Amino acid sequence: MIENKVFCMMPWIHMHVWPAGTVYPCCMADPELPIGDLNNNSIYQIWNSNSMKNLRKNILANKRSPECKRCYELEENNIHTLRLSSNENFKHRLEKIHSTKEDGSVEKFNMYYMDIRVSNLCNLKCRSCGPQLSSSWYEDHISLHGDIQQQKILKVNKNFVKDLYPLLLDVERVYWAGGEPLITEEHYDILDFWIDNNKTNIKLDYTTNFTQMRYKKKTIFEYWNFFKSVRVAASLDANYKKGEFLRKNISWSQIVQNRKDMIKECPDVYFEITPTVSVYNVFNLPDFHKEWIEAGLLRPENWRINILLDPVYMRLQILPIELKKSVTKKYENHIKYLEQFPNTKNVIDGYNSILSFMSVGREKEIHRFKIKTKLLDELRNENFRDVFPELTEIAYE
């Protein structure tokens with residue numbers, strides 16, 4: 001099961017929830033194919049919904065499911081996926097598979113893996129995001145597209161929160177992401193619950209914009225020091241002006257200071273950077289990586305690449321052939337630089353996966369990229385051409 005191309009542990013140990021109440025099999029599932037809605041059903045009802053039962057039956061029959069197409073696409077480009085990670089991290093829970101009934105239902109819901117986006121509250125409005133996962137995007141989205149029929153700040157409903165607490169004692173691993181978890185009240189309430197119940201052996205994984213290290217009277221560093229295993233992934237796509245452009249409202253100097261404070265306050269907590277690689281930052285990536293290595297802010301191997309799939313017009317595949325050649329040359333030089341360090345094979349594989357993914361031609365999307373970039377630049381009084389001179393060839397007039 002673990003080794004085949006379809007099997008995934010997620011539908012037996014997890015369900016993923018978005019702030020508006022939409023439920024998916026996991027965070028990599030196709031956003032157009034939810035398996036339920038907490039505004040209509042409880043989490044326990046959705047656990048054995050028709051969609052979930054069919055997904056489990058497909059997996060056990062070694063049949064591909066449309067919800068899972070993102071993992072399939074990434075793996076075809078030799079990119080490590082959540083499917084592969086979950087199979088490795090939870091192979092000790094394979095007994096859950098044997099509890100599957102003929103119709104695909106599983107009687108007991110054990111949420112061994114938790115990834116609940118309790119709110120879209122976020123202080124940034126990143127270029128690749130939107131109002132469903134960032135409250136700060138709300139006004140810009142309305143200016144660009146009109147009313148979106150949702151509140152600015154979304155939160156999962158109170159009934160779901162009540163249903164969630166009985167499941168928390170089963171959790172072995174939790175993934176916190178946004179919105180921005182480090183400014184979300186429910187995140188701290190749940191950490192307090194686990195601390196109060198001596199569940200500090202839970203593995204905490206974070207993806208955070210790394211801008212806010214304090215909540216009320218405590219720093220997040222104080223919380224992290226309670227837990228035995230904490231992995232922090234900073235969503236930083238580029239440095240200096242490029243980083244501030246891509247993740248609007250970031251102060252780059254504050255990011256650097258936060259990393260220095262973290263090294264001082266909780267030196268044993270694992271830290272990595274997970275850049276989302278798009279057409280915008282594909283050139284800057286090696287420069288950013290090398291700078292933080294040489295500044296002592298990042299171990300060379302703690303760099304986990306996330307290739308942007310949506311929106312399609314931001315995919316690095318849209319680059320013209322000559323620019324792709326320039327990227328390839330730059331990456332080859334950076335790979336040679338990384339080869340001097342131990343344990344960098346996975347990082348080098350990540351850079352090679354970018355080159356493999358980039359090789360697919362989507363140049364027709366350049367026109368849409370220009371239109372979308374120009375509209376947002378005008379709204380935010382920014383200038384893509386000034387910040388990314390290396391991409392002048394695809395800049396709008």
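Please read all numbers here as calculations on a predicted model, not as lab measurements. Hydrogens, waters and symmetry mates play no part in the numbers below; they use all other heavy atoms, side chains included.
- For the 3.5 Å distance criterion, the side chains of E291 and Y240 qualify, holding a donor opposite an acceptor.
- In the model, E272 has a side-chain atom that pairs as donor or acceptor with a side-chain atom of Y270 under 3.5 Å.
- Counting heavy atoms from C-beta on, the side chains of M52 and P11 come closer than 4.5 Å.
- Side chain to side chain, N249 and S136 fail the donor-acceptor criterion of an N or O pair below 3.5 Å.
- With 3.5 Å as the limit, one finds a donor-acceptor pair spanning the side chains of T373 and Y280.
- Counted by atom type alone, N48 and R56 present one or more donor-acceptor pairs between their side chains at under 3.5 Å.
- Side-chain atoms of N209 and N123 form a donor-acceptor pair, as typed in the model, at a separation below 3.5 Å.
- In this model, no donor atom of one side chain and acceptor atom of the other lie less than 3.5 Å apart for N157 and N159.
- Looking only at distances, no side-chain donor or acceptor of R231 sits under 3.5 Å from a matching main-chain atom of F271.
- A donor-acceptor pair is defined here as one N or O able to donate and one able to accept, closer than 3.5 Å; such a pair exists between the side chain of S119 and the backbone of L121.
- Cation-pi geometry between R259 and F210 is not met: the NZ or CZ atom fails to fall both under 6.0 Å from the ring centre and inside 45° of the normal.
- The distance from atom CD1 of I202 to atom CG of N197, rounded to the nearest 0.5 Å, is 9.5 Å.
- In this structure, CG in D140 is found 4.5 Å from CZ in R380, a value given to the nearest 0.5 Å.
- For the residue pair T81 / E75, a side-chain donor-acceptor distance below 3.5 Å is found, with atom types taken as modelled.
- E180 and T208 share a donor-acceptor pair across their side chains, judged by distance under 3.5 Å alone.
- Evaluation of the salt bridge (Lys or Arg N to Asp or Glu O under 4.0 Å) rule for E390 yields K242 as partners, not counting sequence neighbours.
- Exactly one of E363, E73, E365 qualifies for a salt bridge (charged side-chain N to carboxylate O under 4.0 Å, His left out) with R315. That residue is E73.
- A cation-pi arrangement is present between R93 and Y112 under the rule of less than 6.0 angstrom and at most 45 degrees off the ring axis.
- In summary, the side chains of N89 and Y113 do not present any donor paired with an acceptor at a separation below 3.5 Å, with no hydrogens or angles considered.
- When side chains are defined from C-beta on, L182 counts as touching Y188, because their heavy atoms get closer than 4.5 Å.
- A donor-acceptor contact closer than 3.5 angstrom links the side chains of Y206 and H187.
- Side-chain contact annotation: N78 with D349, donor-acceptor N/O pair under 3.5 Å absent.
- Using a 3.5 Å distance cut-off with no hydrogens or angles, the side chains of W12 and T100 do pair a donor with an acceptor.
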